[in-house]
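Here's the structure, in structure tokens; my notes come after.
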Amino acid sequence: MDEKKLSFEEAYKQLTELVKKMEAGELSLSDSVAAYEQGIKLKAYCEQLLKEAELKIETLKVGTTQA
């Protein structure tokens, strides 16, 4: 799966679902490891999108205070 094509909401939903499955013990050990690896990628992607949004908001704030 290419998480780079997901919206923040889609990536966060997938991450939440992975966590629920892992916490419920629904996965085998190998599937848990794969889910953990995918979860790390999704978490990093969500954090990246949030940072980008924060930067955009800060840029907009600075732009409106300088006008």
Side-chain angles (χ1 to χ4, degrees):
M1 182 202 70
D2 185 9
E3 66 274 350
K4 303 292 184 202
K5 295 181 181 179
L6 299 174
S7 68
F8 173 82
E9 293 79 8
E10 293 168 328
Y12 188 77
K13 182 179 178 183
Q14 285 186 16
L15 179 58
T16 302
E17 290 172 3
L18 283 175
V19 170
K20 285 180 185 178
K21 286 180 182 180
M22 291 175 68
E23 288 179 342
E26 296 178 11
L27 304 173
S28 66
L29 178 60
S30 62
D31 288 342
S32 291
V33 171
Y36 184 82
E37 182 178 14
Q38 183 62 31
I40 294 295
K41 291 177 184 178
L42 287 166
K43 177 184 172 284
Y45 179 64
C46 287
E47 288 175 342
Q48 174 191 346
L49 291 177
L50 287 172
K51 284 181 184 177
E52 289 172 5
E54 288 174 355
L55 286 172
K56 187 172 188 174
I57 290 168
E58 286 301 316
T59 301
L60 292 170
K61 282 183 182 179
V62 169
T64 59
T65 58
Q66 292 180 353

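Taking hydrophobic clusters as Ile, Leu, Val, Met, Phe, Trp and Tyr residues chained together by side-chain heavy-atom distances below 4.5 Å, Ile40 does not share a cluster with Val19. A continuous path of hydrophobic side-chain contacts links Leu50 to Leu15 [ILVMFWY only; heavy atoms under 4.5 Å].
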message: salt bridge (charged side-chain N to carboxylate O under 4.0 Å, His left out) for Lys51 and Glu47? Distances and angles first, verdict last.
response: CA-CA 6 Å; Lys51 284 181 184 177; Glu47 288 175 342; 5.8 Å; no

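Shown here for Met22 and Ala35, the closest heavy-atom pair between the two residues is SD-CB, 3.9 Å. Contact record, Leu18 with Gly39: CD1-N, 3.8 Å, taken as the closest heavy-atom pair. Closest of all the heavy-atom pairs between Lys5 and Glu10 is O-OE1, 4.4 Å. Contact record, Leu6 with Leu42: CD1-CD2, 4.1 Å, taken as the closest heavy-atom pair.
For the residue pair Gln48/Glu52, the side-chain donor-acceptor check at 3.5 Å is satisfied.
Crowding of Phe8 atom CZ: a count of heavy atoms from other residues, nucleotides or ligands under 6.0 Å exceeding 12.
Between atom NZ of residue Lys41 and atom SG of residue Cys46 there is a gap of 14.5 Å, rounded to the nearest 0.5 Å.
Pairs of residues two or more places apart, or lying in two chains, never qualify as salt bridge (charged side-chain N to carboxylate O under 4.0 Å, His left out) while including a residue from residues 13-35.
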